[in-house]
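Worksheet: the structure to be examined is printed underneath.
It should be emphasised that the depicted structure is a prediction, and the values quoted were computed from it without experimental measurement. Heavy atoms only: backbone and side chains are in, while hydrogens, waters and symmetry mates are out.
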Amino acid sequence: MKKILSLFFLMAIVLPGWSQKVKWLDEMNLKLMSCGWSTPQVNKSVGGNPLKVNGATFNRGVGTHAVSTFLINLNKQATTFNTQVGVDDEATNNASIEFIVMADQKVLWRSGVMKKGEDPKTCQIPLNGKQKLGLVVLSGESNDNDHADWLNAKIVYSGATPIAIGNVISEKPYILTPASSPAPRINGAKVFGAHPGNPFLFKVPVTGVRPMTINASGLPDGLSIDSKTGIITGTTPAKGEYRIKITAQNKVGKATRTLKIVSGDLLALTPPLGWNSWNCWGLSVNQDRVKASADAMIQKGLIEHGWTYINIDDGWEAPSRTADSILLPNGKFPDMKALTTYIHSQGLKMGIYSSPGTRTCGGFLASYQNEVQDAKTWAELGIDYIKYDWCSYGWIAPNPNLEELQKPYIVMRKALDQCNRDIIFSLCQYGMGNVWEWGAKIGGNTWRTTGDIGDSWDSMSGIGFSQTQDPKCTGPGHWNDPDMLVVGKVGWGPSLHNTHLTPSEQYTHISMWSLLASPLLIGCDMSQLDAFTLNLLSNDEVLAINQDPLGVKASRVKKADGVEIWMRPLDDHSYAVGVFYNGKGSGDPTALFNWSNSKSTKTVKVSLSDLKLKGKYQVRDLWRQKDTGITNQSKTVEIPYHGVAFLKFTPVK
């Protein structure tokens, strides 16, 4: 018997395959896999359907969405990684994806760009002696509906079991913005557009101890201000520009500022600031949750920093229209009119959602062939903002040319123009047809430039740092929209979690979106704002960059050694500059991972020559609200991994 046991022991040494085991990818902790939209699915597509690629169905695998990353500790015990990969059949025809397999900071295999309708590709990679395995899904030629499948994916190993370790840095929240002064400070937009003859509503945001008296001299006939709240209401005057002197006074001091009201053809002269329900509540949104968000906007003071819109996303619609084609709210919104009236009474504005197709993304009734009636209904409810989501219009125009891409938005634009109400028109069609080149021409105020954002570094940074469109495509009245903010508690449904972005990544998020002159729409549960998130959203100097009246989006001026520098000119002849440390090797896919799981910083010298500036400049740290010296050559900054130095360069005579 001993001889037999010895023989088995010897064979196990000589033939390692005898002791080899298999760990399926779908058995691992997929909560640690980042996903560009929704969450990774076990043995299903990211949309929750059977795994299917070019008509072939697979029983095992993981469905995800680009950009996606997954880091696995192999403990040097693995021998091979085997998988098939492909674009899931549920994706749209625009989907394009690249799969990458890497280990220990080296790329081992790339699929090349794959599209819907292609057969799966097979990958079999030796892993002998490798410590960590990294799996990546990138968007290929687009970022639209990139549903990616790892099929029959498994790791063959012996010894310690491979485990998912995620791709995050352990970093505690750190607060940079000092507390607001007790003295009055007037915040928010310095210019506001409205249509002549329509209802007017503008809240003057003012921080400082209460009680506070807020007055406005030079208001045209038809407008008046509530001196306690700073809410200006009435009817927009005749076409023209009106310069209003705002004065705010409390027991500590007094502040003044000029507000320019432009009565004319354009709305959204600065990017909209507000909240949207989707990234936290998804289809579980209801009236109580929306009201709670409005109350939190007021109680936590964000309204005094210029945050304005309370937007209901998908999930509010009734299952059928009335006999005269009116689309009413469903039972989750028992009194939408009362909700809107309440929100307006607080100085906030109300947004809603629909689709140009027959159904919304969530399967609810949409506006197809009812555009005029729906616009009229929204106006009667007092709606101030409409997000119009492409979704099922893809059934009507499955392979749209430019004319077909524009058509449904032109139809709704004409319907909105028949309403005696200022309604921001947000085109949500994910950047198809380079919408930034024509969105303004057909009457859009904002337009999505990308697919949906997720609360991962890969998704947020992949979207933010790809916004290299010509700055001339945006400006007062028309803005690129790289999607909503993913800070705070998010979840896309009733189950919420803290954002997967590190604190440094969240500073990058807000800084980048401010530089891009993008709409800022908070996506978290407003009733659960912690101190860090509240501080992040209430820096008036950072928000002033986003709301700058000149309205020029930032451009990238340098990209090297894992650092990107972005810059935009400002109305006061200064410049906002973001210096971002994104990780080693620009363009290197291995830089998507933090292989050592440790936090690092980088020292960066920002020269005036990099910024194409000459002369002397006062440099100010916007997050810390602190001047850091005058230079005529360069400024050196220390930046955390995935973090930012957000600076303002002001010329000095």
Side-chain angles (χ1 to χ4, degrees), residues 199 201 203 229 231 272-303 307-322 325-355 359-367 370 373-389 391 419 421-424 426 428 484-485 488-496 521-529 537:
L201 174 63
K203 165 75 171 73
T229 63
I231 299 174
L273 303 183
W275 173 87
N276 180 284
S277 64
W278 184 253
N279 284 0
C280 55
W281 301 124
L283 296 177
S284 68
V285 64
N286 60 40
Q287 184 163 313
D288 289 342
R289 286 171 170 165
V290 173
K291 183 177 181 298
S293 296
D295 289 342
M297 190 82 82
I298 298 159
Q299 294 164 6
K300 297 181 184 293
L302 287 176
I303 191 174
W307 298 93
T308 301
Y309 289 91
I310 301 293
N311 292 350
I312 302 170
D313 210 282
D314 203 357
W316 65 270
E317 305 90 339
S320 60
R321 291 179 178 269
T322 64
S325 295
I326 298 174
L327 180 57
L328 299 174
N330 57 37
K332 295 187 296 178
F333 291 87
D335 196 336
M336 184 76 83
K337 180 63 175 178
L339 176 63
T340 305
T341 300
Y342 172 76
I343 285 173
H344 287 163
S345 73
Q346 304 302 305
L348 297 169
K349 296 186 177 183
M350 181 78 157
I352 210 163
Y353 169 100
S354 190
S355 167
R359 294 280 170 177
T360 66
C361 294
F364 290 79
L365 283 180
S367 296
N370 290 279
Q373 178 58 65
D374 285 356
K376 179 182 177 183
T377 299
W378 299 331
E380 290 173 350
L381 286 171
I383 297 302
D384 307 289
Y385 187 114
I386 171 66
K387 175 182 174 182
Y388 210 44
D389 202 338
C391 283
C419 301
R421 185 159 194 88
D422 293 355
I423 301 178
I424 300 295
S426 174
C428 183
M484 297 168 284
L485 303 177
K489 283 190 175 293
V490 294
W492 294 268
S495 299
L496 305 181
L521 294 176
I522 302 166
C524 65
D525 180 4
M526 295 285 289
S527 66
Q528 297 190 65
L529 283 177
L537 298 172

Considering non-hydrogen atoms only, spot the tightest contact between [X] and [Y] and give its length.
X	Y	answer
A375	C419	O-SG, 3.4 Å
I298	I303	CA-CG2, 4.0 Å
M350	M336	CE-SD, 3.7 Å
F364	L283	CE1-CD2, 3.8 Å
M526	K300	O-CE, 3.4 Å
K489	C280	O-CB, 4.0 Å

Quiz item: More than 12 foreign heavy atoms under 6.0 Å from NZ of K376: is that the case here?
Solution: no
For the [atom1] atom of [X] and the [atom2] atom of [Y], what is their distance to the nearest 0.5 Å?
X	Y	atom1	atom2	answer
I231	H344	CD1	NE2	11.0 Å
F333	T340	CZ	OG1	10.0 Å
I352	D374	CD1	CG	9.5 Å
I522	L529	CD1	CG	7.0 Å
D295	Q346	CG	CD	7.0 Å
I312	L339	CD1	CG	5.5 Å

Keeping the roles fixed (side chain from [X], backbone from [Y]), state whether a donor-acceptor pair exists under 3.5 Å.
X	Y	value
W307	L537	yes
S277	D313	yes
N370	Q373	no
K203	K349	no
Q287	D335	yes
K332	G315	yes

Exercise. Among N276, V490, L496, find the one that has a side chain to side chain contact (heavy atoms under 4.5 Å, CB included) with W281.
Key: L496
Would you kindly say whether [X] and [Y] are connected by a side-chain donor-acceptor distance under 3.5 Å?
X	Y	result
T360	D314	yes
D525	Q528	yes
R289	S527	no
N311	Y353	no
S355	D389	no

Quiz prompt | Results of salt bridge (charged side-chain N to carboxylate O under 4.0 Å, His left out) for R421 - residues two or more places apart only | solution = D384
Exercise. Using the side-chain contact (heavy atoms from CB on, under 4.5 Å) rule, take W378 and S367 through it: C-alpha gap first, then chi angles, then the decisive distance, then the call.
Key: CA-CA 12 Å; W378 299 331; S367 296; 3.8 Å; yes
Quiz item: Does C361 have any disulfide (SG to SG under 2.5 Å) partners at least two apart in sequence or in another chain, and if so, which?
Solution: C391
Exercise. Assess whether side-chain contact (heavy atoms from CB on, under 4.5 Å) is satisfied between C524 and W275, documenting all intermediate values.
Key: CA-CA 8 Å; C524 65; W275 173 87; 5.7 Å; no
Quiz prompt | From CA spacing to verdict: side chain to side chain donor-acceptor pair (under 3.5 Å), N330, W316 | solution = CA-CA 6 Å; N330 57 37; W316 65 270; over 6 Å; no
Self-check item: Which residues share a ring-ring contact (aromatic ring centres under 6.0 Å, His included) with Y309, sequence neighbours left out
Solution: Y385
Practice problem: Show your working on side-chain contact (heavy atoms from CB on, under 4.5 Å) between V285 and V290 and close with a plain yes or no. | Solution: CA-CA 7 Å; V285 64; V290 173; 3.7 Å; yes
